[in-house]
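What follows is a short report on a single structure.
Keep in mind the model is a prediction, meaning the values are calculated, not measured. The figures that follow rest on heavy atoms only: side chains count, while hydrogens, waters and symmetry mates do not. Whatever order the structure lists them in is the order used to number ligands and atoms, beginning at 1.
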Amino acid sequence: MILTDLTKPIKKDLGRVEEKISNALKTENVFIQQMVDYLSHSTGKRVRPALAILSAKHCGKLSEETISLGAALEMLHVATLIHDDIIDNSSVRRKQKTLNFKWGNEISVLMGDYVFASSFYLMAKDLPKNVVSSLADTTNIICHGEISETFNRFNVDLSEDQYLEVIKEKTAVLFAASCQTGAMLAGGDKQTVKSLYHFGLNIGMAFQVVDDTLDFVGKQTKVGKPVMSDLREGKLTLPVIYCLTSATRAESKKLKTIILRKIKTTSDLKFLDLLLRKYDAINRSLQKARYYADDAKMALSSLNSANGKNEFVQFADFLINRDF
Ligand code: IPE
Ligand code: IPE
Ligand code: MG
Ligand code: MG
C-alpha cells in the first residue's frame with residue numbers, strides 16, 4: 001500500500017488543509033513570506049493531518065474545525081522540524097536545503113517560533129478549549145523529548161528504555177494527539193477517543209523506530225534527508241543500542257570510542273557495519289517497530305468496524321514498511 005492510495009479518500013480534505021496552512025502563515029513581511037514560500041515548495045508526507053482527518057471521519061463528522069486542526073498539527077510539526085534541524089545541524093530536509101542552511105540559525109530559530117505561534121493562533125481562533133489544551137500539553141512533552149535527547153548526546157550508556165522514553169516524547173505523543181483530537185472534534189465517545197489515542201501513540205513509536213533504522217539503511221534521495229547522521233551527531237538510536245548491549249566487552253569498548261570520535265574514518269564505518277550485521281541490529285529494530293504496530297492494531301479492537309477501521313490498519317502497515 002502506498003501513501004497516496006491510503007490518502008486518496010481524503011485528498012480533498014488534505015487540499016483544504018494546505019490552503020489553511022498557507023493562509024495561516026501569510027504575512028505582509030516580504031522576507032518572512034519568502035521563507036514561508038520556500039517551505040511550501042516541499043511539503044512532506046502530511047501524516048499527522050491525515051490521521052486527524054481519518055479519526056474524525058471514523059467518528060462520523062468532518063467539519064471546518066477538523067481542517068483547522070489538521071493545519072495546526074502540521075504547522076506544529078513543521079515548527080519542531082525547523083528547530084530540530086538547527087539542533088541536529090541538518091542541511092537537507094524534504095529534499096531541499098534546510099532554513100538553517102540557507103538563512104542561518106538565528107533567523108531559523110525565530111522562523112520556528114513564527115510557525116509555532118501561527119499554529120497556536122489558529123488553534124485559539126478555531127478550536128475548542130479541550131482540544132487546545134491537549135495540543136498545548138503535547139507540545140510541552142515534545143519539548144521535553146527534544147531536550148532529553150539533546151542532553152543525552154554522546155551518552156554511550158543510553159539504555160533502550162531511555163531511548164524509548166525519548167521517542168515517545170519527541171514523536172509518538174503528536175501522533176497520539178492527532179488521532180485523539182480528530183476524534184474529540186467529531187464528538188467521538190470516550191472509549192473511541194482513548195482507543196485512537198493509543199493507536200496513535202503506538203504507531204508513533206513504530207514510526208520513529210523505523211525512521212531511526214532508515215538513518216542506517218535508507219537512501220538520501222528517497223528519505224529526503226541525510227543518512228548516517230544520527231550517530232555522528234551523538235544520537236544513539238535502537239540499532240546501535242542493540243549492538244552495544246549484544247557486543248563482547250572489547251567490541252563494545254571499541255564501538256563507544258568510535259562513537260565518541262564521531263565515526264571519523266572508513267574503518268570506523270566498517271566496524272559499525274560489521275556489528276550491525278553480526279547482531280542483526282536493523283532487523284531486531286524493525287521487529288520492535290512491528291511489535292508497536294501490532295499493539296496499535298490491538299488498540300483498534302474496540303472500534304466500530306463498520307466505520308473504516310481498515311484504513312487505520314493500512315496506515316499502520318504503511319508506516320512500518322515505508323522507505324521514505
Ligand atoms: C520527521 O517526520 C520527524 C520524525 C518524527 C521522524 P516526518 O517523516 O513525518 O516528516 P515529513 O513531514 O514527512 O517531512
Ligand atoms: C524529529 O526527530 C522529532 C522532532 C522534530 C520533534 P529526529 O531528529 O529524529 O528527526 P529527523 O531525522 O531530523 O527527521
Ligand atoms: Mg533531532
Ligand atoms: Mg533531526
Side-chain angles (χ1 to χ4, degrees), residues 3-4 6-7 14 17-18 21 39-52 70-71 73-101 108 112 115-116 119 138-154 158 163-178 200-201 203-218 220 222-240 285 289 292 315 318-320 322-324:
L3 186 60
T4 42
L6 264 176
T7 53
L14 285 170
V17 168
E18 291 308 316
I21 293 174
L39 284 173
S40 74
H41 287 153
S42 187
T43 53
K45 297 181 283 296
R46 301 312 204 212
V47 168
R48 296 150 191 86
L51 284 171
L73 284 166
E74 184 64 22
M75 283 155 62
L76 192 56
H77 167 58
V78 168
T80 69
L81 293 182
I82 295 172
H83 284 170
D84 181 74
D85 286 335
I86 301 168
I87 300 163
D88 293 346
N89 204 16
S90 296
S91 56
V92 179
R93 158 88 57 198
R94 296 175 167 177
K95 302 187 178 171
Q96 64 177 13
K97 294 290 177 198
T98 53
L99 285 191
N100 47 301
F101 183 88
S108 303
V115 179
F116 256 126
S119 170
T138 302
T139 308
N140 243 313
I141 300 172
I142 296 172
C143 293
H144 274 229
E146 286 281 280
I147 292 169
S148 314
E149 186 178 72
T150 307
F151 187 75
N152 277 300
R153 283 254 159 111
F154 294 102
L158 190 79
Y163 161 83
L164 293 173
E165 184 62 22
V166 165
I167 69 167
K168 181 172 149 192
E169 291 184 340
K170 75 169 185 173
T171 300
V173 290
L174 187 57
F175 278 75
S178 301
L201 193 69
I203 53 165
M205 294 296 286
F207 182 86
Q208 185 65 53
V209 172
V210 170
D211 206 78
D212 291 338
T213 64
L214 286 174
D215 190 69
F216 291 101
V217 296
Q220 170 158 350
K222 209 60 181 136
V223 289
K225 55 189 181 187
V227 291
M228 269 315 288
S229 59
D230 287 342
L231 206 51
R232 288 202 169 100
E233 288 292 320
K235 220 160 80 180
L236 277 83
T237 57
L238 200 54
V240 170
S285 302
Y292 281 112
F315 219 101
F318 157 73
L319 290 183
I320 50 166
R322 73 197 174 99
D323 60 358
F324 69 101

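Considering every non-hydrogen atom in both R48 and L73, the closest pair reads O-CD1, 4.1 Å. Taking every heavy atom of both residues into account, D84 and R93 meet most closely at OD2-NH2, 3.5 Å. Between D323 and V223 the shortest heavy-atom distance is O-CG1, 3.7 Å. When every heavy atom of A289 is checked against every heavy atom of A206, the shortest pair comes out as O-CB, 3.4 Å.
For S229 and D215, the side-chain atoms include at least one donor-acceptor pair closer than 3.5 Å. With no hydrogens or angles considered, no side-chain donor-acceptor pair links Y163 and N152 at under 3.5 Å. Side-chain atoms of N100 and T98 form a donor-acceptor pair, as typed in the model, at a separation below 3.5 Å.
Screening the protein for N, O or S atoms under 2.8 Å from the Mg ion (ligand 3) yields 2; no waters enter the count.
S119 contributes no side-chain N or O that, together with a main-chain N or O of V115, makes up a donor-acceptor pair within less than 3.5 Å.
Counted within 6.0 Å of NZ on K168, heavy atoms from surrounding residues, nucleotides or ligands total 12 or fewer; the atom is thus considered open.
Residue-to-ligand polar distances keep R46 apart from ligand 1: every N/O pair is separated by 3.5 Å or more.
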What does the contact table look like for ligand 2 (nitrogen or oxygen on each side, cut-off under 3.5 Å)?
unit_1: ligand 2; atom_1: 2 (O); unit_2: K170; atom_2: NZ; d: 3.2
unit_1: ligand 2; atom_1: 8 (O); unit_2: D84; atom_2: OD1; d: 3.1
unit_1: ligand 2; atom_1: 8 (O); unit_2: D84; atom_2: OD2; d: 2.9
unit_1: ligand 2; atom_1: 8 (O); unit_2: D88; atom_2: OD2; d: 2.8
unit_1: ligand 2; atom_1: 8 (O); unit_2: K235; atom_2: NZ; d: 3.0
unit_1: ligand 2; atom_1: 9 (O); unit_2: K170; atom_2: NZ; d: 2.7
unit_1: ligand 2; atom_1: 9 (O); unit_2: Q208; atom_2: NE2; d: 3.3
unit_1: ligand 2; atom_1: 9 (O); unit_2: K235; atom_2: NZ; d: 3.2
unit_1: ligand 2; atom_1: 12 (O); unit_2: K225; atom_2: NZ; d: 3.1
unit_1: ligand 2; atom_1: 13 (O); unit_2: D84; atom_2: OD2; d: 2.9
unit_1: ligand 2; atom_1: 13 (O); unit_2: R93; atom_2: NH2; d: 2.8
unit_1: ligand 2; atom_1: 14 (O); unit_2: R93; atom_2: NH1; d: 2.7
unit_1: ligand 2; atom_1: 14 (O); unit_2: R93; atom_2: NH2; d: 3.3
unit_1: ligand 2; atom_1: 14 (O); unit_2: K225; atom_2: NZ; d: 2.5

